[in-house]
Novice: 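The structure under discussion is supplied below as structure tokens; questions concerning it will follow.
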Number of protein chains: 2
Amino acid sequence: MSTPEEPELTRTERKERTRRAILDAALELSEQGSLSALSLRHVAREVGIAPNAFYRHFASADELGLALVDELFGTLRQLLSDVRSARPISDGAIVPSLGVLVDRVHTERLQFVFLTRERVGGSAAVRTAIRRELELFEAEIALDFARMPGAVQWSSEDLRVSANLIVTALVAAVERLLYTQDRDGEQAIVAATEKQLRMLTIGARTWRSRPR
Amino acid sequence: MSTPEEPELTRTERKERTRRAILDAALELSEQGSLSALSLRHVAREVGIAPNAFYRHFASADELGLALVDELFGTLRQLLSDVRSARPISDGAIVPSLGVLVDRVHTERLQFVFLTRERVGGSAAVRTAIRRELELFEAEIALDFARMPGAVQWSSEDLRVSANLIVTALVAAVERLLYTQDRDGEQAIVAATEKQLRMLTIGARTWRSRPR
DNA sequence: ATGGTTGGTGGACAGGTGTCCACCGTTTCA
DNA sequence: TGAAACGGTGGACACCTGTCCACCAACCAT
């Protein structure tokens, strides 16, 4: 290239840079097809390297997918942990978490397209990794629930089951958001999801007090 | 073939038969890959016809996918409608519906693998078709809810939102069932899902009575 | 200064892919 | 009875795929 573009870069820096480029390209291309249907050559072409060079960074497409999963959940977990620790523990921090999630879906749409697709997609390794991460979220939410007043007498089983339902609702909300371009539709989805979360917490509150 | 195999078949019958074979083969093969990553030649080989002959039945892979969706939801809707009309309307028929669903997942596993994969999968046409069918279920469940005693004063919006959550929970349950081979795990999933459905209906019952 | 390490290149390979064409034998129906 | 319609065949086409090899030039540590 004729552009100067800071030629002073150490080798490892340059490697990291094309690694980034590969991840980004893969994300971009995975919008129109699952990871397993993703072509190494396509990715390489998008990045601007020879198809071979891909193997200098990832041993397989699966490994690429796992790296994407790590990256995605790494930052997302950080964000949600922040909003959760800022909030007073007494009340559930679930609704504000939804706000963070929606923002994130907006700014990093492709990551979530990838996520929702690969969650049930072709590669078993990637699928399992995503499932594991979601289970971690589930556990965290269950912990939040346990901290709520009046919920102490629940069995851990019940905590887990209701937390699972919340995660499920959130994932479904993300899916709907992704395929809704119009602004009002997005607002409606967010409102509906908030309502669902409230329904869930109410149901949870009255759960144990029920005879049986 | 040397087997006699009832050679007395009208042309349209034979066409229908290989059409069936194509649908079955596609379902079989779609276990290990999304529809968009499905090879026409693979399907043809499995069926035992020349790759070309595929086009005598479907104009494209998308059309195949749409046919599968139609078939899947056709019978499923029938089954659920049966269990629902047999039950007294007074109580929600949601939990027995879950039983039917689980049975169906057992006997027609491949259909549900296809369903959960293509629901967020590559082809926009198939994805939309599935989404539409699920919305129909949603509407039916909302209707069931409206018939329940003490729920009459809900807004149709609320009905819809909570019905949506139920469908979401059911879809998630199916997904978990598909990737759980061990028998106890299956039982646990069913139990957890039933608990979730009960939580939901409880939450729904106390929903309107709440101030705000 | 030198030599190994490393990110990247180019070409080749064996195979797989969707789709088009001309053709065939049987069924259908007029 | 004859001709048209139809489901299916076989081969060819242009193209794309992952992966392997030898090779290169620059970087890094010695």
Side-chain angles (χ1 to χ4, degrees), chain A residues 1-26 28-30 32-67 121-123 125-126, chain B residues 1-26 28-30 32-67 121-123 125-126:
Chain A
M1 299 300 166
S2 56
T3 50
E5 59 164 304
E6 307 288 331
E8 302 303 333
L9 284 174
T10 170
R11 179 129 83 185
T12 45
E13 283 172 332
R14 307 222 295 185
K15 174 161 187 178
E16 179 55 29
R17 180 205 263 187
T18 78
R19 189 189 139 97
R20 270 249 57 82
I22 290 179
L23 288 172
D24 292 347
E28 198 85 34
L29 291 175
S30 86
Q32 61 231 71
S34 70
L35 181 72
S36 45
L38 182 55
S39 156
L40 283 199
R41 288 179 121 99
H42 256 155
V43 175
R45 207 171 306 151
E46 183 98 352
V47 175
I49 58 176
N52 267 334
F54 176 88
Y55 294 109
R56 305 289 186 195
H57 303 268
F58 303 97
S60 65
D62 264 25
E63 209 168 277
L64 207 191
L66 292 178
S123 159
V126 175
Chain B
M1 302 297 168
S2 57
T3 50
E5 59 164 303
E6 306 290 330
E8 302 304 332
L9 283 174
T10 170
R11 180 127 87 185
T12 44
E13 282 172 331
R14 308 223 293 184
K15 174 161 187 177
E16 179 56 28
R17 178 205 265 187
T18 79
R19 188 189 140 100
R20 270 249 56 81
I22 290 178
L23 288 172
D24 292 347
E28 199 85 34
L29 291 175
S30 86
Q32 62 230 83
S34 69
L35 181 73
S36 46
L38 182 56
S39 156
L40 283 198
R41 287 178 120 98
H42 257 154
V43 176
R45 206 170 307 150
E46 183 97 353
V47 175
I49 57 174
N52 267 334
F54 177 88
Y55 293 110
R56 305 289 186 196
H57 303 268
F58 303 98
S60 64
D62 264 26
E63 209 168 276
L64 207 192
L66 292 178
S123 159
V126 175

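Residue numbers begin at 1 in each chain, while the letters A, B, ... track the order of the sequences.
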Novice: For the side chain of A:Arg56 and the base of C:dG8, is some donor closer than 3.5 Å to an acceptor across the two?
Specialist: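 When only heavy-atom distances are counted, A:Arg56 does reach the base of C:dG8 through a donor-acceptor pair under 3.5 Å.
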Novice: Between C:dG7 atom P and A:Ile22 atom CD1, what is the distance in whole Å?
Specialist: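 After rounding, the gap between these two atoms is 11 Å.
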Novice: OP1 or OP2 of C:dG8 versus the side-chain N and O atoms of A:Thr18: is any pair under 4.0 Å?
Specialist: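 Yes, within the criterion.
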Novice: When all nucleic acid strands are considered with a 4.0 Å heavy-atom cut-off, which category describes B:Arg19: base, sugar-phosphate, or nothing?
Specialist: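 B:Arg19: no heavy atom of the nucleic acid under 4.0 Å.
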Novice: Between C:dG18 atom P and B:Ile49 atom CD1, what is the distance in whole Å?
Specialist: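 Between P of C:dG18 and CD1 of B:Ile49: 13 Å.
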Novice: Think A:His42 has a side-chain N or O under 4.0 angstrom from the OP1 or OP2 of D:dC16?
Specialist: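 False: A:His42 side-chain N/O out of range (4.0 Å or more) of D:dC16 OP1/OP2.
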Novice: I'd like to check B:Arg20 versus B:Arg17 (side-chain heavy atoms, cut-off strictly below 4.5 Å). Are they in contact?
Specialist: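 Of all side-chain heavy-atom pairs linking B:Arg17 with B:Arg20, none is under 4.5 Å.
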Novice: What nucleotide, of D:dT17, C:dG7, C:dT9, holds the atom closest to the side chain of A:Lys15?
Specialist: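 Of the options given, the side chain of A:Lys15 lies nearest C:dG7.
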Novice: At their closest point, which heavy atom of B:Ala37 faces which heavy atom of A:Ala37, and how far apart are they?
Specialist: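 Smallest interatomic distance, heavy atoms only, reads CB-CB, 3.8 Å.
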Novice: Whole-Å distance between C:dC20 P and B:Phe54 CZ?
Specialist: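 From B:Phe54 CZ to C:dC20 P: 13 Å.
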Novice: Nearest-nucleotide wise, let me know which of B:Arg11 and A:Leu38 is further upstream toward the 5' end of DNA chain D.
Specialist: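 In this pair, the answer is B:Arg11.
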Novice: Using atom CG of B:Asp62 as one end and atom C1' of C:dG18 as the other, report the distance to the nearest whole Å.
Specialist: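 Atom CG in B:Asp62 sits about 14 Å away from atom C1' in C:dG18.
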Novice: Rounding to a whole Å, what distance do you find between B:Arg41:CZ and C:dG15:C1'?
Specialist: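 B:Arg41 atom CZ is separated from C:dG15 atom C1' by 11 Å.
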Novice: Closest nucleotide of DNA chain C for B:Tyr55 versus for A:Gly48: which of these residues is on the 5' side?
Specialist: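 Looking at the nearest nucleotide for each, A:Gly48 comes out on the 5' side.
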Novice: A:Thr10 side chain N/O closer than 4.0 Å to the phosphate oxygens (OP1, OP2) of D:dC27?
Specialist: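 So the side chain of A:Thr10 is outside the cut-off, no N or O lying under 4.0 Å from OP1 or OP2 of D:dC27.
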Novice: Rounded off to whole Å, could you give me the CD-to-P distance for the A:Glu13 and D:dC27 pair?
Specialist: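 Taking atom P of D:dC27 as the reference, CD of A:Glu13 is at 12 Å.
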Novice: Output yes when at least one side-chain N/O atom of B:Ser39 is less than 4.0 Å from OP1 or OP2 of C:dG18, else no.
Specialist: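 Checking B:Ser39 against C:dG18: at least one side-chain N or O falls below 4.0 Å of OP1 or OP2.
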Novice: Tell me the interatomic distance from B:Glu16, atom CD, to D:dG7, atom P, rounded to whole angstroms.
Specialist: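 Answer to the nearest Å: 12 Å.
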Novice: Check whether any side-chain heavy atom of B:Leu40 sits under 4.5 Å from a side-chain heavy atom of B:Phe58, and report yes or no.
Specialist: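 The answer is no, as the side chains (C-beta and beyond) never meet within the 4.5 Å cut-off.
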Novice: Specify the separation, in whole Å, of atom CG of A:Leu40 and atom C1' of C:dG15.
Specialist: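 It works out to 16 Å between those atoms.
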Novice: Using a distance-only criterion (donor-acceptor N/O pair, under 3.5 Å, no hydrogens), is the base of C:dG7 paired with the side chain of A:Arg14?
Specialist: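 Under the 3.5 Å cut-off, the side chain and the base do not form any donor-acceptor pair.
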